[in-house]
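Here is the structure we will look at.
Small disclaimer: the values here were computed from a predicted structure and weren't measured. By convention in this document, chain letters (A, B, ...) are assigned in the order of the sequence lines, proteins followed by strands, and residues within each chain are numbered from 1.
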Protein chains: 2
Amino acid sequence: MLMQRFKEGDPRALARTITLLESGQDFPEELLSLHHTAQVIGITGSPGSGKSTLTDQIIQELRSQGKTVAVIAVDPSSPFTGGAILGDRIRMARHTLDSGVFIRSLASRGALGGVSGKTLQVLRAIEAFGFDVILIETVGVGQSEVDIASIADHTVLVLTPNQGDAVQAFKAGVMEIADVFVVNKSDLPGADRVVRELHATLTLGGMLEWMPPAVKTSAQKGQGIPELLKALQDHREHLGAEGLRQRRLNRLRFELRVLLEDWAHDKLRDAENLLPEVLSGKRSLQSLFDSLF
Amino acid sequence: MLMQRFKEGDPRALARTITLLESGQDFPEELLSLHHTAQVIGITGSPGSGKSTLTDQIIQELRSQGKTVAVIAVDPSSPFTGGAILGDRIRMARHTLDSGVFIRSLASRGALGGVSGKTLQVLRAIEAFGFDVILIETVGVGQSEVDIASIADHTVLVLTPNQGDAVQAFKAGVMEIADVFVVNKSDLPGADRVVRELHATLTLGGMLEWMPPAVKTSAQKGQGIPELLKALQDHREHLGAEGLRQRRLNRLRFELRVLLEDWAHDKLRDAENLLPEVLSGKRSLQSLFDSLF
């Protein structure tokens, strides 16, 4: 019944399915046969870089092109949002009456803000539903920005003219994950300097197969959004069918790794009671390890 | 035959056993019945903080107390040292003719310099051999310093009067791992300032159950070593039997986690060839995951 409504394109059936996934239910077998493929765009950057406003503008622009859009906002500050609409998300509220837009906030994994197995299942459900584009927005701290690059077809790193941001991106080695840089709040002084610094740093790295462009935007004023979408389209053409296939394999590899890590995490918890037996010499660590399978 | 010589205390049998472990052989079942317990001391700090010279002096001091000492040096700069004697280790060479001292360099795990499953097996073998004290020296970068605190009974964090070191320790949140701070090269200006800063920072954190002392040493001049060993002894008394037991449980928990992670890593590699089948929809990710067990 639920799956029937899902297949018929009822957004409430998608919302319900996601809630069930979040509560721990298995991924519905029936959805595995739906082979829709969405364009998956990761958007990451420091808190305060204006990611949500930018996401809101991207939705607007994609809708004007007639494309359906889903947004997954991964929120490390919330222990478990369970799909609640968070502060930042309220800015996107103007899309709530548009059935071509679907927005969901999800909790991140662990203290480092990584992307959880549940988020990956939700992504699969949303993709199966048939959206044209899926935006995944994560705060660029800790693990999430590395994870997002393993999941998305294209990764957008949002910087601001604030010197600190750019320097931090250079330092932490997150530059490598960006397919497209956005210098948001580009009406503030220093935007051109950040663009120059990015170019200089990227050029230092030698000839790259793909030189990530730096697009200046002002999400607040709605400026630079078509240019950003053009840059993403350029990257998609650069990837080509084989490049996209490799990104999809990356995502599957990442999904499998998360499944394995979640499994190992559970096993470690199960084994907790047996550790004292190993300590006292009653059994070996190897036999405890073997008993976990 | 090898195990017989091992049990009789032949250091060459220990060296051979370690080489076999490094080459991928299973941990010898017979050694599991040997229930020697060593005092395990982790020593970590930035490159250039003088850890190796300090380790050398600690060996000397422990030997003068009649204790046998083994050193495991975990080296992230080397892809696989296979027990070779590295540059820094040469300083310890004066102990090579002393059968109460055993020194081994081991490769670290991955780019972050974590402690590998092999290192843990070597630690177990050395402990089974019957040394009184085992020193594990790691370069305090990336993962190794966190790992070491999961393994050792006592963790020593080596700083220098160089402002940068201390600030970095405060920043990176590695202070929490230290049971004892060493301010090495304390004949350089600024040593007292670092000690004061440490005290101030630790006091800011409120009343701690154990206030890690900061011991000034000059490893080069052989100064402060008895004070360091006294501080370690104080920490051991603070831990008591139950505290030590908890540290040992921590180590087992860590060993089990590494076993699980290594297993998952291997499985992920095995699954690589099957990912295209998932991508093309021939099988589900879940069925691939299930097939790994």
Report task. Take atom CZ of B:R283 as the centre, draw a 6.0 Å sphere, and report whether it contains more than 12 heavy atoms from other residues, nucleotides or ligands. Result ->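 Counting neighbours around CZ of B:R283, more than 12 heavy atoms of other residues, nucleotides or ligands fall under 6.0 Å, so yes.
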Report task. Verify the neighbour count for atom NE2 of A:H238: are there more than 12 heavy atoms of other residues, nucleotides or ligands below 6.0 Å? Result ->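 Atom NE2 in A:H238 is crowded, with more than 12 foreign heavy atoms closer than 6.0 Å.
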Report summary line: Here the gap from B:R251 atom CZ to A:L279 atom CG, rounded to the nearest 0.5 Å, amounts to 9.5 Å
Report task. Taking the side chain as every heavy atom from C-beta outward, state whether A:L256 and B:V278 have any pair of such atoms under 4.5 Å apart. Result -> no
Query raised in the report: Hey, does B:Q286 have a side-chain heavy atom less than 4.5 Å from the side chain of A:D26?
Result: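 No, every pair of side-chain atoms sits at 4.5 Å or beyond.
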Query raised in the report: A:F293 versus chain B, heavy atoms under 4.5 Å apart: side chain, backbone, both or neither?
Result: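 A:F293 touches chain B through side-chain heavy atoms alone.
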Query raised in the report: What pairs meet the side-chain hydrogen bond (donor to acceptor under 3.5 Å, both in side chains) rule with one or both residues in residues 267-282 of chain B, with sequence neighbours excluded?
Result: A:R253-B:E272
Requested in this report: Could you give me the CA-CA distance, side-chain angles and deciding distance for B:L260 and A:L292, then say whether side chain to side chain contact (heavy atoms under 4.5 Å, CB included) is met?
Outcome: CA-CA 10 Å; B:L260 282 166; A:L292 298 177; 4.2 Å; yes
Query raised in the report: Listed by chain and number, what are the salt bridge (Lys or Arg N to Asp or Glu O under 4.0 Å) partners of A:E242, not counting sequence neighbours?
Result: A:R245
